[in-house]
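Chain A is the first sequence line, chain B the second, and so forth, proteins listed ahead of strands; every chain is numbered from 1. Small disclaimer: the values here were computed from a predicted structure and weren't measured.
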Amino acid sequence: GAGVSQSPSNKVTEKGKDVELRCDPISGHTALYWYRQRLGQGLEFLIYFQGNSAPDKSGLPSDRFSAERTGESVSTLTIQRTQQEDSAVYLCASSLVVAGGPGDTQYFGPGTRLTVL
Amino acid sequence: AQKVTQAQTEISVVEKEDVTLDCVYETRDTTYYLFWYKQPPSGELVFLIRRNSFDEQNEISGRYSWNFQKSTSSFNFTITASQVVDSAVYFCALSSSQAGTALIFGKGTTLSVSS
């Protein structure tokens with residue numbers, strides 16, 4: 001079946017502009033995650049959505065970052081007034097909720113490479 | 001605190017060599033889960049294995065094997081008879097109740113296999 005998809009695959013923007021990144025999870029997966037991967041680094045958790053529960057925003061680095069999810073489908077991650085340190089690959093993952101969070105296997109999309117000039 | 005350490009930043013081997021990627025984790029939870037992911041040059045993370053803290057059996061899948069040892073808080077990954085297609089960045093990750101819903105990733109080990 002179709003995996004997690006993300007768009008755009010690459011985004012180049014100027015400092016100070018807003019950007020929107022999109023994620024389509026695997027059909028039927030109720031949990032959705034956003035991570036950031038800086039060059040040569042591991043992944044940093046940003047935000048988590050699960051059904052109608054309030055999202056876990058504990059990983060968002062600043063109030064310039066926000067995310068929304070429509071029901072149990074598409075999610076958008078918005079970065080306002082982008083800075084050069086926002087340059088990274090933004091990865092989306094989805095999972096079935098079996099173990100109730102910890103332990104659920106997350107399946108990742110190909111990522112969006114964001115470059116802020 | 002939750003932490004995953006992959007001390008090997010880069011490893012280079014020649015095809016057909018065996019290679020072991022180390023992963024050491026820290027958690028105070030008694031229930032936790034460990035994962036390995038592969039990130040080939042295309043960038044997409046590919047799930048390899050999930051293991052819970054109550055299952056210390058080693059696992060083998062083709063040329064891949066995993067050695068989980070709670071006594072040393074390690075979850076090492078061995079590739080037998082490595083191939084060029086194994087070249088990738090490999091990440092070890094941890095999840096537990098204390099970490100919430102996030103996966104805690106190590107910084108990854110870059111494996112280069114030459115022919």
Side-chain angles (χ1 to χ4, degrees), chain A residues 2-6 8-10 23 26 29-51 53-61 67 88-114, chain B residues 1-10 21 23-55 59 75 88-111:
Chain A
V4 177
S5 61
Q6 293 185 244
S9 54
N10 281 285
C23 171
I26 293 171
H29 281 193
T30 56
L32 186 147
Y33 314 74
W34 283 98
Y35 291 84
R36 176 172 70 179
Q37 184 179 23
R38 289 183 163 138
L39 187 64
Q41 300 295 312
L43 280 69
E44 305 169 73
F45 167 74
L46 296 177
I47 188 168
Y48 162 73
F49 295 92
Q50 161 50 21
S53 301
D56 175 0
K57 303 180 182 180
S58 59
L60 294 178
V89 176
Y90 290 82
L91 289 150
C92 176
S94 70
S95 72
L96 288 171
V97 177
V98 177
D104 295 330
T105 298
Q106 298 179 26
Y107 296 91
F108 286 80
T112 294
R113 182 175 299 278
L114 174 65
Chain B
Q2 319 289 310
K3 186 178 179 182
V4 175
T5 302
Q6 294 180 257
Q8 303 150 308
T9 306
E10 294 184 16
L21 309 181
C23 173
V24 174
Y25 61 92
E26 293 176 32
T27 180
R28 291 180 182 169
D29 278 334
T30 54
T31 302
Y32 53 89
Y33 301 83
L34 296 163
F35 301 80
W36 276 94
Y37 285 86
K38 174 182 180 180
Q39 188 176 41
S42 60
E44 187 164 347
L45 265 78
V46 177
F47 165 73
L48 296 178
I49 191 170
R50 167 188 179 275
R51 176 55 51 88
N52 75 53
S53 53
F54 299 107
D55 181 3
E59 181 154 341
F75 187 43
V89 182
Y90 290 87
F91 290 98
C92 181
L94 164 72
S95 72
S96 69
S97 298
Q98 281 195 6
T101 49
L103 281 173
I104 308 298
F105 282 85
K107 291 190 176 180
T109 297
T110 300
L111 174 64

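In this structure, no portion of A:Leu46 lies under 4.5 Å from any heavy atom of chain B. With a threshold of 4.5 angstrom between heavy atoms, B:Tyr37 approaches chain A through side-chain atoms but not through N, CA, C or O. For B:Gln39, the part lying under 4.5 angstrom from a heavy atom of chain A is the side chain only. Of the atoms belonging to A:Gln37, it is side-chain heavy atoms, and not backbone ones, that fall under 4.5 Å from chain B.
Pairing each heavy atom of A:Thr105 with each of B:Phe35, the nearest pair is OG1-CE2, 3.8 Å. Minimum heavy-atom separation, B:Ala102 to A:Phe45: CB-CG, 3.3 Å. Smallest separation of non-hydrogen atoms from A:Gly109 and B:Glu44: O-CG, 3.7 Å.
Residues A:Tyr35 and B:Leu103 are in side-chain contact: their nearest non-hydrogen atoms beyond the backbone lie under 4.5 Å apart.
Summarising the geometry, atom CD belonging to A:Gln106 is positioned 10.5 Å from atom CZ belonging to B:Phe47; distances are rounded to the nearest 0.5 Å.
Applying the 6.0 Å contact sphere to NZ of B:Lys38 captures more than 12 heavy atoms from other residues, nucleotides or ligands.
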